[in-house]
Amino acid sequence: MATDIQKLIGTSEEDDDEEMDMDVKEEDNEENGGKNTVAQIMAGVSGGTTSNSSDNQFQHQQQFQEQVTTPSGGARRSRPLEEKERTKLRERHRRAITARILAGLRRHGNYNLRVRADINDVIAALAREAGWDVLPDGTTFPSRSQGSRPVGGTSAAVTSSSYLVSQQTPPASLRGVSPGYQTSVEYNTCRMRGVFMPNPSPYNLSANTQSQIPAVGEGGEQTESDLHIGGSMDTINDKQIAEITPIPKLPERDFAATPFIPVYVMLPLGVINMKCELGDPDGLLKQLKVLKSANVDGIMVDCWWGIVEAHTPQEYNWNGYSRLFQMVRELKLKLQVVMSFHECGGNVGDDVCIPLPHWVAEIGRSNPDIFFTDREGRRNSECLSWGIDKERVLRGRTAVEVYFDYMRSFRAEFDEFFADGIISMVEVGLGPCGELRYPSFPVKHGWRYPGIGEFQCYDQYLLKSLKKTAEARGHPFWARGPDNAGFYNSQPPETGFFCEGGDYDGYYGRFFLNWYTRILVDHGDRVLSLAKLAFEGTQIAVKLSGIHWWYKTASHAAELTAGFYNPCNRDGYAAIAAMLKRHKAALNFSCSELWMVDQQVDFAEALADPEGLVWQVLNAAWEVGIPIASENALPCYDRVTYNKILDNAKPLNDPDGRHFLSFTHHRLSPLLMDRQTFMEFERFVKRMHGEAAVDHQV
């Protein structure tokens with residue numbers, strides 16, 4: 001497998017060794033500059049605690065850099081964008097481990113740590129437990145009862161953490177630091193609930209296995225690669241070289257002989273240019289062959305309305321897609337296509353700009369109410385307002401008719417691919433980013449995570465619908481949007497509408513939110529009824545975004561502004577699931593890889609719960625018997641995240657044997673093609689297919 005990748009991408013072992021050496025030096029410089037990693041802290045503070053296999057794999061990802069072969073045969077460093085991706089992945093991983101350490105200490109060790117505690121608090125707590133005195137300014141010295149501890153320049157000394165581990169009975173198992181599991185049931189249960197159970201048996205460290213770390217004298221320095229848990233240290237030419245002793249691996253759930261789940265890879269946003277041509281056919285073919293070698297089932301691609309019907313209504317150009325689909329067929333891959341009726345650009349992760357068709361933009365200049373509008377009157381041209389679904393404002397056609405004509409043209413153009421079963425699924429875009437939701441948190445209007453967003457119902461067509469509904473209810477004065485719902489970056493307690501006991505749960509609030517979510521469901525109902533006709537005999541799907549921030553509040557404000565009427569006393573996803581059931585559509589749900597602990601570290605004040613949201617949505621869909629597909633919301637390259645996806649895709653001990661219909665990796669990139677990350681991805685594909693996976697970690 002590695003040989004195939006080298007042939008297709010152009011890497012060599014010599015180049016890899018050179019790049020890995022450079023990366024180690026980079027890591028050393030970064031650590032000496034003051035950025036202490038969790039691996040160092042746990043080696044120096046909790047010596048003898050083992051690190052799990054996902055941590056080992058992550059360190060290998062840090063060490064490997066993508067090689068790009070130049071015409072002269074030399075190699076150059078990765079592009080800055082890929083370096084940034086690696087840095088983001090590394091920092092996210094470290095923050096996640098930090099949060100798990102804090103959670104484990106609070107839960108199992110009875111340490112009195114504040115909610116926003118940092119690593120300094122952890123070190124101080126562990127040092128005090130070991131009998132050291134720690135002053136507020138950080139000064140640390142042995143207590144009188146403990147006596148002096150030996151310090152030497154090159155001789156090994158047992159650290160305070162070794163003393164700590166040996167004295168604890170039983171030792172506390174920290175989440176993210178190789179906790180043990182007695183059974184696979186405990187493993188899965190704890191992962192889902194965000195609680196890792198202690199199990200001392202694999203990690204009871206005796207005196208001969210405890211970590212020994214030499215003291216660093218004047219002029220000496222320690223790097224991240226020097227600090228390995230469970231090893232001994234030798235001094236050779238003033239450099240510390242770790243001799244790693246074997247450590248027990250974290251028990252990992254075995255997915256062999258589990259249901260087969262096909263894996264697709266989303267192509268880059270700009271794979272088809274604005275002239276509807278395939279941008280880099282040779283480079284894409286090379287990448288598709290690599291995916292095929294890993295037994296990936298197929299690819300997913302956006303079919304952009306703004307490219308195909310760009311200049312004149314009902315004149316469609318499918319040339320670039322025809323060439324792409326032919327390439328996919330020759331490689332015997334499958335296709336999932338997205339009817340993308342939204343613009344690309346301006347959102348997180350967008351690296352190209354693909355606007356709506358030019359003729360639609362012309363209409364919008366004279367009639368801006370065809371776009372969603374916020375309370376301040378700002379228009380959002382990312383997609384058309386659902387208020388014109390039945391309004392003939394698009395040169396004699398309604399919005400729904402425009403969508404239907406586009407889908408019929410696609411079906412007629414590629415009918416042979418449908419007949420041969422190459423096109424396995426059609427995802428129908430129903431809103432911004434192709435998702436069924438209001439564009440309530442647009443970055444171009446200043447929104448930043450974790451803002452609650454704003455209601456998007458102030459174009460004349462939606463206001464007319466609201467007025468009609470209010471009058472039918474007998475309360476015409478309710479024909480308005482909330483005036484106390486805050487702004488894009490507000491937090492629920494700062495508003496009168498979303499705060500605890502706020503207006504969202506009053507008579508007017510319930511009326512408005514019922515109308516607001518009904519517009520969303522009706523839009524999906526109308527478009528899917530026509531999509532089912534256009535793509536008869538093929539699975540259709542709808543993408544639903546995972547809006548997990550403020551999920552732990554009573555109002556679920558971010559979900560409300562996006563159109564999901566899902567406060568703590570109401571199931572806002574049941575009506576959507578029932579609508580999808582009527583059209584036999586699958587639900588494509590993102591954020592299945594997110595961890596609650598990651599959100600607690602990055603934005604503790606956001607009160608997010610992605611795990612709770614995932615299970616609510618999955619249960620709502622499975623209750624009515626609709627299939628579920630999924631894709632990752634954030635870049636995914638490490639084993640910990642892949643394991644999270646697998647746990648959700650194939651729930652352990654589910655009595656009904658329910659599992660995902662398919663999974664789409666978001667998306668094809670140079671970083672995914674990197675040898676080490678691709679090997680981990682290949683392992684993930686095998687486990688999704690229910691095959692025994694080879695462990696590439698060393």
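Count residues from 1 along the sequence.
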The reported gap from CG in Leu668 to CE in Met300 (rounded to nearest 0.5 angstrom) is 14.0 Å
Minimum heavy-atom distance Ala586-Gln539, with the two atoms named: N-NE2, 3.2 Å
Taking the side chain as everything from C-beta on, heavy atoms only, tell me whether Ser590 gets closer than 4.5 Å to His666. no
From CD (Gln287) to OG (Ser669), nearest 0.5 Å: 8.5 Å
Nearest 0.5 Å please: distance from the CE atom of Met266 over to the CG atom of Asn632. 11.0 Å
Could you check if a side-chain atom of Asn588 sits within less than 4.5 angstrom of a side-chain atom of Phe660, using non-hydrogen atoms only? no
Taking all non-hydrogen atoms of both residues, which atom of Thr677 and which atom of Leu671 are closest, and how far apart? OG1-O, 2.5 Å
Do Val443 and Arg448 come within less than 4.5 Å of each other through their side chains, counting heavy atoms only? yes
Of all heavy-atom pairs linking Glu682 and Ala294, the shortest is CG-CB, 4.1 Å
What are the two closest heavy atoms between Leu288 and Leu267, and how far apart are they? CD2-CD2, 4.3 Å
Side chain to side chain contact (heavy atoms under 4.5 Å, CB included) between Leu284 and Leu324: does it pass, once the steps are laid out? CA-CA 9 Å; Leu284 179 62; Leu324 172 63; 3.6 Å; yes
Measure the acute angle between the ring planes of His689 and Phe260, then classify it against the limits of 30° and 60° as parallel, tilted or perpendicular. parallel
Indicate the atoms forming the closest heavy-atom contact of Val296 with Tyr264, along with that distance. CG1-CA, 4.4 Å
Using 30° and 60° as the class limits, which term best fits the ring planes of Tyr642 and Phe684: parallel, tilted or perpendicular? parallel
Residue pair Met425, Leu661: steps toward the side chain to side chain contact (heavy atoms under 4.5 Å, CB included) verdict: CA-CA 11 Å; Met425 179 186 291; Leu661 174 67; 3.5 Å; yes
With rounding to the nearest 0.5 angstrom, report the OG1 to CD distance, Thr258 to Glu691. 9.5 Å
Hey, is the main chain of Pro450 close enough, under 3.5 Å, to the side chain of Trp550 for a donor-acceptor pair? yes
For the residue pair Lys650 and Arg687, establish whether any side-chain heavy-atom pair is separated by less than 4.5 Å. no
Non-hydrogen side-chain atoms of Arg253 and Asn643 separated by less than 4.5 Å: no
Indicate yes or no for a side-chain donor-acceptor contact from Asp674 to the backbone of Gln676 under 3.5 Å, with no hydrogens or angles considered. no
Backbone N/O of Ala256 and side chain of Asp254: donor-acceptor pair under 3.5 Å: yes
Trace of the side chain to side chain contact (heavy atoms under 4.5 Å, CB included) decision for Ile628 with Phe663: CA-CA 9 Å; Ile628 296 175; Phe663 177 80; over 6 Å; no
Students often mix this up, so state it plainly: with edges at 30° and 60°, are the rings of His665 and Phe681 parallel, tilted or perpendicular? perpendicular
Taking the six-membered ring for Trp, are Tyr573 and Phe589 ring centroids under 6.0 Å apart? no
Between Ser424 and Lys334, a side-chain donor and acceptor under 3.5 Å: no
Looking only at heavy atoms, what is the nearest atom pair of Ala562 and Ile547, with distance? CB-CD1, 3.2 Å
Please confirm whether the backbone N or O of Cys636 pairs with a side-chain atom of Thr641, one donor and one acceptor, at under 3.5 Å? no
Close side-chain approach of Asp638 to Glu680, heavy-atom, < 4.5 Å: no
Gap separating the CG atom of Asp297 from the CE atom of Met688, nearest 0.5 angstrom: 9.5 Å
Minimum side-chain heavy-atom gap Val614-His548 below 4.5 Å: no
Side-chain donor or acceptor of Ser662 paired with backbone N/O of Val263 under 3.5 Å: no
Could you walk me through whether Leu335 and Ile299 pass the side chain to side chain contact (heavy atoms under 4.5 Å, CB included) test, one step at a time? CA-CA 5 Å; Leu335 273 167; Ile299 55 101; 3.2 Å; yes
Do Leu269 and Arg667 make a side-chain contact, defined as non-hydrogen atoms from C-beta onward lying under 4.5 Å apart? yes
About how many Å separate CD of Glu559 and CZ of Arg437, when rounded to the nearest 0.5 Å? 12.5 Å
